[in-house]
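Beneath this line is the structure, given in C-alpha cells, with notes to follow.
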2 protein chains.
Amino acid sequence: MARRGETLELAVLGLLHEGPMHGYELRKRLNLMLGWGRVLSYGSLYPALKKMLRGNLIKEVVPSGPQSRRQRIVYEVTPQGTEEFARMMSDVGPSAWEDDTFDIRFRFFSSTDMEIRLRVLEGRRSRLQERLDRVQRELSMTQAEVDRYAAELQRHGVESVEREVRWLSDLINAERGQGNQPVLPVTSPETPSTSTST
Amino acid sequence: MARRGETLELAVLGLLHEGPMHGYELRKRLNLMLGWGRVLSYGSLYPALKKMLRGNLIKEVVPSGPQSRRQRIVYEVTPQGTEEFARMMSDVGPSAWEDDTFDIRFRFFSSTDMEIRLRVLEGRRSRLQERLDRVQRELSMTQAEVDRYAAELQRHGVESVEREVRWLSDLINAERGQGNQPVLPVTSPETPSTSTST
DNA sequence: GTTAGCATGTAAGGAGTTACATGATTTT
DNA sequence: AAAATCATGTAACTCCTTACATGCTAAC
C-alpha cells in the first residue's frame with residue numbers, strides 16, 4: 001500500500017545498497033535525484049535516519065581504522081533493510097507511478113526483475129496517458145475564450161508529457177527486446193512529432 | 001518576498017479575475033493547471049477561500065436571479081483583491097521561478113507588463129541553467145561506477161531541462177520581438193540538440 | 001589561531017492530504 | 001423515491017522546511 005513517506009526511506013535504502021555513507025553525503029546524492037530542483041533539508045533527513053535506525057533497517061558502521069575520524073556517522077543496510085527494500089521495490093501500487101516516486105524507483109531498477117520494471121513503466125505510461133486524455137477532454141469543453149499564455153502553457157505541457165510517453169514506450173520496448181538488442185535504451189533523436197491530432 | 005502559501009492565493013485570484021466562480025469549479029480549474037498531476041483537496045481550498053474572505057481579497061456574490069439555486073457560494077474579487085493580485089504578480093523574487101510558482105505566474109502573464117514577464121522568464125531560465133551546470137559538474141566527479149538506469153534517468157532529465165530552456169529562450173525572443181512578428185511563440189520542431197558539451 | 005565549510009541535530013510551524021461529515025440537486 | 005454527483009466544510013495528521021544550535025576539521 002506504500003504509505004506516503006516511504007519515498008525517502010526507499011531512496012536512502014537504495015543509496016546505502018551502493019555502499020555505506022554518512023548523512024551529509026546521502027543528502028548530496030538525494031538532492032541530485034529528488035525532483036530535480038528540490039533540496040532535502042537536514043530537518044527531514046536526520047530524523048528519517050534515526051527512525052530507520054530504530055526500525056533496524058540501517059545500522060551505524062564502526063570505522064575500522066585506528067584513528068576513527070569521528071564526527072561523521074556512517075550508515076549501512078542491515079539484512080532487514082535489504083528485505084524491506086526488496087519488499088518496497090516489488091510493491092507496485094498506484095503510488096509507484098506518481099511523479100516523485102517513479103523517479104526513485106526507476107533509479108534503482110537494477111535491483112528488481114524485469115516483470116516489476118515493466119509493470120512500473122507501463123503503469124507510469126497509462127497514468128500519463130490519462131492525464132493527456134483528461135486535459136484534451138477538458139480543453140474541448142472550455143474552448144471558448146482562451147488566454148494566449150494559458151494556451152501556450154497547455155501546449156508545452158502536453159508536448160512534454162507526450163515526450164515522456166514516447167520515452168517510456170522506448171524503454172518498455174527495450175525491456176521486452178532485452179537479450180536480443182543491445183539494451184542501451186534509445187536516445188532516439190526526437191521522434192518527428194508523429195501527428196498527435198485529436 | 002512572496003511567503004510560501006501565496007501560490008494558491010495567486011492562482012485563485014487569477015482565476016477569479018476571469019469571472020466569478022464557486023469553490024468546486026475553482027478546484028476543477030486549479031487541478032488543470034496545478035503541477036500537472038496533483039489534485040488539490042477540498043481541505044486545502046475551502047480554508048484558503050475562508051482566509052481570503054476574511055482578508056477581504058474576495059467576497060461572496062449574491063446571485064441575482066429570483067430562485068437563488070442556493071448551496072453553491074460564488075466568489076468574486078474585491079478591489080483589494082485586484083490590488084493584491086497585481087502586487088503579487090509584479091513581486092519577482094527567486095520564488096517566482098520555482099517549479100510550482102512559475103507555471104501559475106505564466107498562466108496569468110496577460111495581467112502583467114512585458115518587463116515583468118521578461119524578468120520571470122529570464123529568471124526561470126537561469127535557474128534551470130544552474131541546475132544543468134550543477135548536475136554536469138556533479139556528474140563529472142561521480143563518474144566512476146554508474147548504474148545503467150541511473151544514467152538513463154540523468155540523460156532524460158538533462159534533455160528535458162535543456163528542452164525547457166530552449167522553450168524559454170524562444171518565449172523571451174518572442175517577447176522582445178513583440179510588435180514586429182506575430183507573437184504566437186514558436187512551436188519549433190525540435191532544435192537538433194545543439195551540442196551542450198562542457 | 002581564526003575563518004570556512006563539514007557534519008549533526010532539534011523545535012516550531014506551514015501547507016497540504018485523508019478521512020470524516022453533511023446536505024442539496026439532478027438523474028434514473 | 002433511490003442513487004449519483006454536486007457542493008461545502010472540519011479535524012487530525014504527515015511530511016517537510018526554516019531557523020536555530022552546536023562542535024569538529026581543514027585551510028590560510
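Residue numbering restarts at 1 for every chain, and letters A, B, ... go by the order of the sequence lines.
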Report the residues that fulfil side chain to side chain donor-acceptor pair (under 3.5 Å) with A:Gln154, sequence neighbours left out, ordered by chain and then residue number. none

Measure CG/B:Leu40 against P/D:dA7 and give the value in whole Å, please. 16 Å

To the nearest Å, how far apart are A:Glu9 CD and D:dT14 C1'? 14 Å

Can you list everything that forms a salt bridge (Lys or Arg N to Asp or Glu O under 4.0 Å) with A:Glu115? Sequence neighbours excluded, please. A:Arg119

Just how far, in rounded Å, is C1' of C:dT18 from CG of B:Leu45? 16 Å

For B:Asp100 and D:dC16, what is the distance between atoms CG and C1' respectively, to the nearest whole Å? 13 Å

Under the rule for salt bridge (Lys or Arg N to Asp or Glu O under 4.0 Å), what residues qualify as partners of B:Arg27, not counting sequence neighbours? none

Report all interatomic pairs (protein N or O, nucleotide N or O of nucleotides 8-13 of chain D) with separations under 3.5 Å.
unit_1	atom_1	unit_2	atom_2	d
D:dT8	OP1	B:Ile73	N	3.0
D:dT8	OP2	B:Gly23	N	3.4
D:dT8	OP2	B:Tyr24	N	2.6
D:dT8	OP2	B:Tyr46	OH	2.6
D:dT8	O5'	B:Tyr46	OH	3.2

Residues in side chain to side chain donor-acceptor pair (under 3.5 Å) with A:Ser126, at least two apart? none

Could you list the residues that satisfy side chain to side chain donor-acceptor pair (under 3.5 Å) with A:Lys59, not counting sequence neighbours? A:Glu76

Is it the case that the side chains of A:Trp167 and B:Glu152 hold a donor-acceptor pair, with the cut-off being a distance below 3.5 Å and no angle test? yes

